[in-house]
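To keep things clear, I will list the structure first and then write my remarks on it.
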Amino acid sequence: MRCQEIIDILQEQSPELYACDWDNVGLLVGDSKKEVKTIYIALDATDETIAEAAAEQADMLLTHHPMIFKGVKKVNTDDFIGRRIIKLIQQDISYYAMHTNFDVKGMAQLGAERMGLRECQILDITCQKEQQPEGIGKVGMLPKEMTVAECAGKVKDVFGVDLVKIFGRPDEKVRKAAICPGSGKSVIGKAIAAGAQVLITGDIDHHDGIDGAAQGLALIDAGHYGVEKMFVSYMKQYLETHTSGLKIVGQPEKQPFVFL
């Protein structure tokens, strides 16, 4: 298949027009006319990821987080982004990113389904297309009332993470939950306004965590990678279902840091 044909299929899942204005999605490196036989899928386009894609003889790399966010004035080996761009070009790998467009049309719904949330509403409306509001995150009802600690245990189970961080009282009973895979400190106010009793997300720092808890919102931080790594398995299945004759390789799970 041509790269553009695959992009068209990806756009059916998460159209680029749903991406936030500040974001940078789409074909970031490479030739849209390139013939693709192997696709490598990862969360981030790190040096390791690009080397793995090359080792798999991938023709296309698909990630959630864009490698290029800001304007690039120079592409050379003095800069780590430049080195990655050069490596992709040298290996003839076309590189496509689907970030906030997938957050809007995919990620939050996946997270809500894993947590069994019911009666879901959009947590943070970011756009309105065809008179239909769309946005990032979901807020809904847990299957049953549970303590924050029990909710955290469910988060660990359904997202496959070993550790979570809790702000708030672990014994507090909760029923209404918000979920925002990735970095969720910007939606703490939205979660409180929506009446959520707990927010499941990642990247909650000290001050945002204690301030959220002080306003009656418990926070469960399962890590940015922990709540978004499902992108890889989901997109692998999606492409296998919607294409034929392609080799689809998902990057094995690996935390980008270690605890000592």
Side-chain angles (χ1 to χ4, degrees), residues 8-20 23 25-26 41-43 62-66 96-144 146 151-152 154-161 164 174-188 190-191 193-203 219-242 248 250 253:
D8 291 341
I9 291 170
L10 296 174
Q11 291 253 43
E12 292 175 10
Q13 158 65 41
S14 305
E16 293 174 19
L17 58 85
Y18 287 103
C20 295
D23 203 6
V25 303
I41 307 173
L43 202 66
L62 170 64
T63 71
H64 178 50
H65 298 133
Y96 188 87
M98 46 197 304
H99 188 211
T100 51
N101 53 321
F102 186 78
D103 287 336
V104 170
K105 301 293 284 184
M107 191 76 84
Q109 184 62 34
L110 288 177
E113 289 172 358
R114 289 195 177 198
M115 290 300 299
L117 296 189
R118 302 167 183 170
E119 303 169 35
C120 285
Q121 302 292 324
I122 298 167
L123 179 60
D124 183 15
I125 295 174
T126 58
C127 60
Q128 188 148 338
K129 306 297 183 185
E130 299 178 354
Q131 299 182 331
Q132 180 70 30
E134 298 287 355
I136 291 172
K138 297 288 185 183
V139 59
M141 306 301 291
L142 290 162
K144 63 179 181 178
M146 60 184 71
C151 186
K154 185 175 179 67
V155 169
K156 290 171 66 175
D157 181 48
V158 302
F159 288 100
V161 296
V164 298
V174 295
R175 183 69 194 278
K176 192 171 187 178
I179 185 164
C180 182
S183 180
K185 62 183 180 180
S186 65
V187 299
I188 289 175
K190 299 282 187 181
Q197 297 163 296
V198 60
L199 171 62
I200 301 154
T201 187
D203 287 352
L219 295 107
I220 299 173
D221 183 344
H224 198 128
Y225 179 81
V227 286
E228 285 197 331
K229 62 183 180 178
M230 58 186 173
F231 169 84
V232 176
S233 57
Y234 176 81
M235 290 310 304
K236 183 176 187 295
Q237 183 179 30
Y238 176 82
L239 285 170
E240 287 174 342
T241 302
H242 290 80
I248 315 292
E253 289 186 13

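Everything numeric in this text was worked out from a predicted model, so none of it was measured.
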Listing, residues 104-128 side-chain donor-acceptor contacts under 3.5 Å, not counting sequence neighbours, or none:
unit_1: Lys105; atom_1: NZ; unit_2: Glu134; atom_2: OE2; d: 3.4
unit_1: Gln109; atom_1: NE2; unit_2: Glu113; atom_2: OE2; d: 3.1
unit_1: Arg114; atom_1: NH1; unit_2: Val158; atom_2: O; d: 3.0

Within-4.5 Å side-chain heavy-atom neighbours: [X] and [Y]:
| X | Y | value |
| --- | --- | --- |
| Val187 | Thr201 | no |
| Ile136 | Cys180 | yes |
| Leu219 | Lys185 | no |

Who are the ring pair (Phe, Tyr, Trp, His ring centres under 6.0 Å) partners of Phe231, not counting sequence neighbours?
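By the ring pair (Phe, Tyr, Trp, His ring centres under 6.0 Å) rule, Phe231 matches His64, Phe102.
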Apply side-chain hydrogen bond (donor to acceptor under 3.5 Å, both in side chains) to [X] and list each qualifying residue two or more places apart in sequence or on a separate chain.
| X | answer |
| --- | --- |
| Tyr238 | none |
| Tyr234 | Gln13 |
| Lys176 | none |
| His99 | Asp23 |

Are the side chain of [X] and the backbone of [Y] linked by a donor-acceptor contact shorter than 3.5 Å?
| X | Y | answer |
| --- | --- | --- |
| Arg175 | Leu142 | yes |
| Glu16 | Asn101 | no |
| Lys229 | Gly160 | yes |

Roughly how far apart are [X] [atom1] and [Y] [atom2], rounded to 0.5 Å?
| X | Y | atom1 | atom2 | answer |
| --- | --- | --- | --- | --- |
| Leu43 | Glu253 | CG | CD | 10.5 Å |
| Met98 | Met235 | CE | CE | 4.0 Å |
| Phe159 | Ile179 | CZ | CD1 | 3.5 Å |
| Asp203 | Glu228 | CG | CD | 8.5 Å |

I need the minimum non-hydrogen distance between [X] and [Y], along with the two atoms involved.
| X | Y | result |
| --- | --- | --- |
| Cys151 | Ile200 | SG-CD1, 4.1 Å |
| Thr100 | Val25 | N-CG1, 4.4 Å |
| Pro181 | Met230 | CG-CE, 4.2 Å |
| Val139 | Ala196 | CG2-CB, 4.2 Å |

